[in-house]
Number of protein chains: 2
Amino acid sequence: MTTSSVDREVQKRLGEHAIRYTTGRRAVVAALAGSDGPKSASELHGEIGSRVPLSSLYRSLTILEEAGVVIPHYGAKGLTRYELAEWLTGHHHHLVCLDCGAVEDVEIPGAQETQVRDLVDSISAIASFTPINHDLEVEGRCARCA
Amino acid sequence: MTTSSVDREVQKRLGEHAIRYTTGRRAVVAALAGSDGPKSASELHGEIGSRVPLSSLYRSLTILEEAGVVIPHYGAKGLTRYELAEWLTGHHHHLVCLDCGAVEDVEIPGAQETQVRDLVDSISAIASFTPINHDLEVEGRCARCA
DNA sequence: ATCGATAATGAGAATCGTTATTATAATCCT
DNA sequence: AGGATTATAATAACGATTCTCATTATCGAT
Ligand SMILES: [Mn+2]
Ligand SMILES: [Mn+2]
Ligand SMILES: [Zn+2]
Ligand SMILES: [Zn+2]
């Protein structure tokens, strides 16, 4: 999915919620759209530059989360990393490096995703649980840290 | 697994690492062994009482984590909750209720666990990632909130 | 059981990611 | 453009966690 089409989708979503799509918020969405995995506020600040102060960045992330545009992932050392919601990026899973903390997106072939869904369904049935979403997180060592 | 057998296993593990199994550390392990889910430092402090100060509790959790006795789960609002490692409790997955926030442990049959492991391996191979463990989190609605 | 070496504790200060405050500026609507 | 509303930015405040270091508990050897 291209950055500009994400931009259009987000603009539409925010418009529906009467939330302004400001320059700062555009910068955050663009940075996330061009990212290969969840990013923390300070990582985004590093990429975007000082034209968007950290405090504004945090507020933008909160607003975008409330609007369902971004999703938080809570990680080690009190760090929260954000990524675009799956209705913008497509469903995928995460590889979490136990050494450097990097989180990498990975899409899996349809056949395997079907297997995951089947497993999720049967696991849920065991506990009378109604599954809505799933997140198969693989923890290990990334290519750089191997 | 009974609390006292967990205690014995932990004692053995710490002994191997030349780490003392002090009363404070025993209190933490006992509280976790008697728990039905991951607990934060302050929750543990509430259960254990003031005979183990918060600062000591945090240090104990760090030590126990380094020894592989407890595992952290990072959650919202910068809260880290700990539970006993799976070699003490058995491998399991988590059902996270999006309504009430409860986290339910669930063990799945061996055949399905094998399927999960195979999926984890092939997903990891896609990204030259070395998997160490996995966590299939199912988000949805628990039996109470359904 | 006691001693001595060493590791752990406890009280508080410090750190750091995040959130709240509030005066100023940008945006939207007519 | 003008007025109303929402967003920004600088900084203070907050809270979970970590650090510091003087004191104390633990463990192995005697
Ligand atoms: Mn992702
Ligand atoms: Mn668990
Ligand atoms: Zn890594
Ligand atoms: Zn529930």
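Computed over heavy atoms, backbone and side chain alike; hydrogens, waters and symmetry mates excluded. Chain naming here is simple, since letters A, B, ... match the order of the sequence lines and numbering starts at 1 in each.
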Chemist: Can you list, in residue-number order, the parts of residues 41-54 of chain B that come under 4.0 Å of DNA chain D, counting heavy atoms only?
Modeler: none
Chemist: Quick one: list whatever passes salt bridge (Lys or Arg N to Asp or Glu O under 4.0 Å) with A:D118, sequence neighbours left out.
Modeler: none
Chemist: Please tell me whether A:H91 and A:E113 have a donor and an acceptor in their side chains that are separated by less than 3.5 angstrom.
Modeler: yes
Chemist: Going by side-chain heavy atoms closer than 4.5 Å, which hydrophobic residues are tied to B:L136, directly or by a chain of links?
Modeler: A:L95, A:V106, A:I108, A:V116, A:L119, A:V120, A:I123, A:I126, A:F129, A:L136, A:V138, B:L95, B:V106, B:I108, B:V116, B:L119, B:V120, B:I123, B:I126, B:F129, B:V138
Chemist: Answer yes if B:L44 and B:V10 sit in the same cluster of Ile, Leu, Val, Met, Phe, Trp and Tyr residues linked by side chain heavy atoms under 4.5 Å apart, and no otherwise.
Modeler: yes
Chemist: A:W87 side chain to A:G68 main-chain N or O, any donor-acceptor pair under 3.5 Å?
Modeler: yes
Chemist: How does DNA chain C look in dot-bracket form if you count Watson-Crick and G-U pairs under 3.5 Å, write [ ] for pairs that cross, and put | where a base pairs with another strand?
Modeler: ||||||||||||||||||||||||||||||
Chemist: Which atom names give the shortest non-hydrogen contact between B:E65 and B:P72, and what distance separates them?
Modeler: OE2-CG, 3.4 Å
Chemist: Give a yes or no answer on whether the side chain of B:R141 reaches the backbone of A:P131 with a donor-acceptor pair at less than 3.5 Å.
Modeler: no
Chemist: A:D121: which residues meet the salt bridge (Lys or Arg N to Asp or Glu O under 4.0 Å) condition with it, sequence neighbours left out?
Modeler: none
Chemist: Rounded to the nearest Å, what distance is computed from the NE2 atom of residue B:H17 to the P atom of nucleotide C:dA7?
Modeler: 16 Å
Chemist: Which residue, B:L79 or A:I19, contacts DNA chain D at a nucleotide closer to its 5' end, judged by nearest heavy atom?
Modeler: A:I19
Chemist: Classify B:S40 by what it touches in the nucleic acid, base, sugar-phosphate, or nothing, heavy-atom distance under 4.0 Å.
Modeler: nothing
Chemist: To the nearest 0.5 Å, tell me how far B:S122 OG sits from A:Q112 CD.
Modeler: 3.5 Å
Chemist: Just by protein heavy atoms under 4.0 Å, how would nucleotides 25-30 of chain C read 5' to 3' in B, S and -?
Modeler: -BBS--
Chemist: Under 4.0 Å from any atom of DNA chain D, heavy atoms only: list the residues of residues 55-64 of chain B that qualify, in numerical order.
Modeler: B:S55, B:Y58
Chemist: I'd like the 5' and 3' limits of the part of DNA chain D contacted by chain B, with heavy-atom contacts below 4.0 Å.
Modeler: D:dA16 to D:dC27
Chemist: Applying salt bridge (Lys or Arg N to Asp or Glu O under 4.0 Å), can you list everything that pairs with A:R81, at least two apart in sequence or on another chain?
Modeler: A:E43
Chemist: Give every donor-acceptor pair under 3.5 Å between a side-chain atom in residues 52-64 of chain B and any protein atom, sequence neighbours left out.
Modeler:
unit_1	atom_1	unit_2	atom_2	d
B:S60	OG	B:S56	O	3.1
B:T62	OG1	B:Y58	O	3.0

Chemist: Not counting sequence neighbours, which residues clear salt bridge (Lys or Arg N to Asp or Glu O under 4.0 Å) with A:E66? List them please.
Modeler: none
Chemist: Of all heavy-atom pairs between A:A33 and A:L84, which one has the smallest distance, and what is that distance?
Modeler: CA-CD1, 3.7 Å
Chemist: How far apart are the closest heavy atoms of B:K77 and A:Y74, and which atoms are they?
Modeler: N-CE2, 4.4 Å
Chemist: Can you name the side-chain contact (heavy atoms from CB on, under 4.5 Å) partners of B:D105, sequence neighbours left out?
Modeler: B:E83, B:H92, B:H94
